[in-house]
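Residue numbers begin at 1 in each chain, while the letters A, B, ... track the order of the sequences.
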Number of protein chains: 2
Amino acid sequence: MAIASENLTKNQKTVLDILESASEPLKAYTILFDIQKKGIKSPLQVYRALDKLIEIGKVHKIESRNSYVACKHEGCNAKTSTSFLICENCDSVTELTGNNLFSYFSKQAEKNNFNYKKHNLEIFGLCENCKLKN
Amino acid sequence: MAIASENLTKNQKTVLDILESASEPLKAYTILFDIQKKGIKSPLQVYRALDKLIEIGKVHKIESRNSYVACKHEGCNAKTSTSFLICENCDSVTELTGNNLFSYFSKQAEKNNFNYKKHNLEIFGLCENCKLKN
DNA sequence: ACTTAAAATGTTATATTATAACATTACATT
DNA sequence: AATGTAATGTTATAATATAACATTTTAAGT
């Protein structure tokens, strides 16, 4: 059975909480420093919680920034594939959904006789807010 | 004026050479160990060469693997955006080109009122060779 | 309830990836 | 030759992530 957020362990909940209350992606050591009062003392405890949360799809990693973000989509199937819009000005991140991405990438891969399994897409630019300001 | 490969410096040439002769992406410290006989002694020398090569578009970074690959496209405009097919079995990497990716991502971004600047796409799966073997 | 296997934890140490700081050298353009 | 920019060399250190191992918690079956 899939693991729901209800039966997360203490450490996992602690890490997920801080990611969910953050408006931007957080780095592992930022998470660590922020929750040391809650009994988490070592990097490994953070990384282990992150690994689990990523595995069940509640958290995604932004590879180009070594940072982590909570998934806001209820039934997000991004356990494997992820697609983000990343603002270069304010570092905010929006997750793209929709299977059109999946089918588009499958096709691109097929053209090269490549068997698509999953993907990671990071689009950089300016978010709506920052577009207006500049 | 754009910097062509002819006027690369010694360190830059050394690093580019090893990347071009590799069949897979290489990690920075792998590069370092492989070229210590050529006078490069410190990580920083490798990273500086990589930075320059990336800047001029001769090398791209595979973010999810912290590794670097030489660009095989003559007039590659991927100084900013990159798109890869990455084989999970043999770690080989193929770079995708074509502006259809650009226009597709622009559209995806626009749907979210996001001003597209560049992207990084990593598609994971099985390359043609490994598909046949499995 | 007891057993047991799997998962999670706590802890210390260490590996891996990348940059800071600063003095020096090469080199193209005046 | 003078000058400014880029590149280099070197040492130290920052930032990111995992190894190893002993212990505890949890969940599932009997």
Side-chain angles (χ1 to χ4, degrees), chain A residues 1-19 22 24-69 79 91 120 122, chain B residues 1-19 22 24-69 79 91 120 122:
Chain A
M1 193 187 89
I3 298 161
S5 19
E6 298 93 53
N7 37 27
L8 291 176
T9 65
K10 183 168 148 290
N11 286 358
Q12 291 159 7
K13 262 187 219 121
T14 305
V15 169
L16 182 57
D17 279 353
I18 193 167
L19 280 173
E24 291 94 26
L26 299 179
K27 304 204 151 219
Y29 279 73
T30 304
I31 296 172
L32 175 60
F33 296 144
D34 285 356
I35 60 183
Q36 283 189 329
K37 51 183 85 160
K38 302 204 176 170
I40 289 186
K41 289 176 186 157
S42 81
L44 199 43
Q45 293 174 294
V46 172
Y47 282 108
R48 284 201 280 227
L50 286 173
D51 284 350
K52 190 67 190 182
L53 292 166
I54 288 170
E55 183 192 329
I56 64 177
K58 300 295 288 179
V59 166
H60 308 312
K61 179 175 184 182
I62 316 282
E63 292 288 355
S64 65
R65 308 229 165 158
N66 299 318
S67 59
Y68 303 85
V69 65
K79 287 184 181 54
D91 289 324
N120 174 43
E122 301 178 356
Chain B
M1 193 188 88
I3 297 161
S5 20
E6 299 92 52
N7 37 29
L8 291 175
T9 64
K10 181 168 149 288
N11 285 359
Q12 291 160 6
K13 261 186 219 121
T14 305
V15 169
L16 182 57
D17 279 352
I18 193 167
L19 281 173
E24 290 93 25
L26 299 179
K27 305 204 151 221
Y29 278 74
T30 305
I31 296 172
L32 174 59
F33 296 144
D34 285 355
I35 60 183
Q36 284 189 329
K37 50 183 86 158
K38 302 205 177 171
I40 289 186
K41 288 176 186 157
S42 81
L44 199 43
Q45 293 174 294
V46 173
Y47 281 109
R48 285 200 281 226
L50 286 173
D51 283 350
K52 191 67 189 181
L53 292 166
I54 289 170
E55 183 191 330
I56 65 176
K58 302 295 288 181
V59 166
H60 308 312
K61 180 174 183 182
I62 316 282
E63 291 288 354
S64 65
R65 308 226 164 162
N66 298 317
S67 58
Y68 303 85
V69 65
K79 288 186 182 53
D91 288 324
N120 173 44
E122 302 177 357

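Under the 3.5 Å distance criterion, the side-chain polar atoms of A/Lys13 are matched with a main-chain donor or acceptor of A/Leu8.
In plain terms, the two heavy atoms of A/Lys38 and A/Thr14 that are nearest each other are CD-CG2, 3.8 Å. Pairing each heavy atom of B/Tyr68 with each of B/Leu19, the nearest pair is O-CD2, 3.2 Å. Shortest non-hydrogen contact noted between A/Gln45 and A/Lys41 is OE1-N, 2.7 Å.
Rounded to whole Å, the distance from CD on A/Glu55 to C1' on C/dA7 is 11 Å. Spacing between atom CD1 of A/Ile31 and atom P of D/dA17 amounts to 10 Å, rounded to whole angstrom units. What separates CG of A/Leu50 from P of D/dT18 is a distance of 10 Å, to the nearest Å. Regarding A/Leu53, its CG atom lies at a distance of 10 Å from the P atom of C/dA8, rounded to whole Å. For A/Asn7 and C/dA6, the CG to P distance is 19 Å, given to the nearest whole Å. What separates CD1 of B/Ile35 from P of D/dT8 is a distance of 11 Å, to the nearest Å. Rounded to an integer number of Å, the gap from B/Glu63 CD to D/dT16 P is 13 Å.
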Residues 26-35 of chain A, side-chain donor-acceptor partners within the protein, below 3.5 Å, at least two apart:
| unit_1 | atom_1 | unit_2 | atom_2 | d |
| --- | --- | --- | --- | --- |
| A/Lys27 | NZ | A/Arg65 | O | 3.2 |

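Rounded to 10°, the angle separating the first-five-pair axis and the last-five-pair axis of the helix from C/dA1-D/dT30 to C/dT30-D/dA1 equals 40°.
In this structure B/Glu63 satisfies the salt bridge (charged side-chain N to carboxylate O under 4.0 Å, His left out) test together with B/Lys61, sequence neighbours excluded. When the side-chain hydrogen bond (donor to acceptor under 3.5 Å, both in side chains) test is applied to A/Arg48, no partner is found at least two apart in sequence or on another chain.
An OP1 or OP2 oxygen of D/dA7 is reached within less than 4.0 angstrom by a side-chain nitrogen or oxygen of B/Lys52.
Contact of the B/Val59 side chain with the B/Val15 side chain is not registered, since no non-hydrogen atoms from C-beta on lie closer than 4.5 Å.
Interatomic distance, B/Ile56 CD1 to B/Asp51 CG, rounded to the nearest 0.5 Å: 11.5 Å.
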Under 4.0 Å protein heavy-atom contact, by nucleotide of nucleotides 9-18 of chain C - B base, S sugar-phosphate only: BBBB----BB

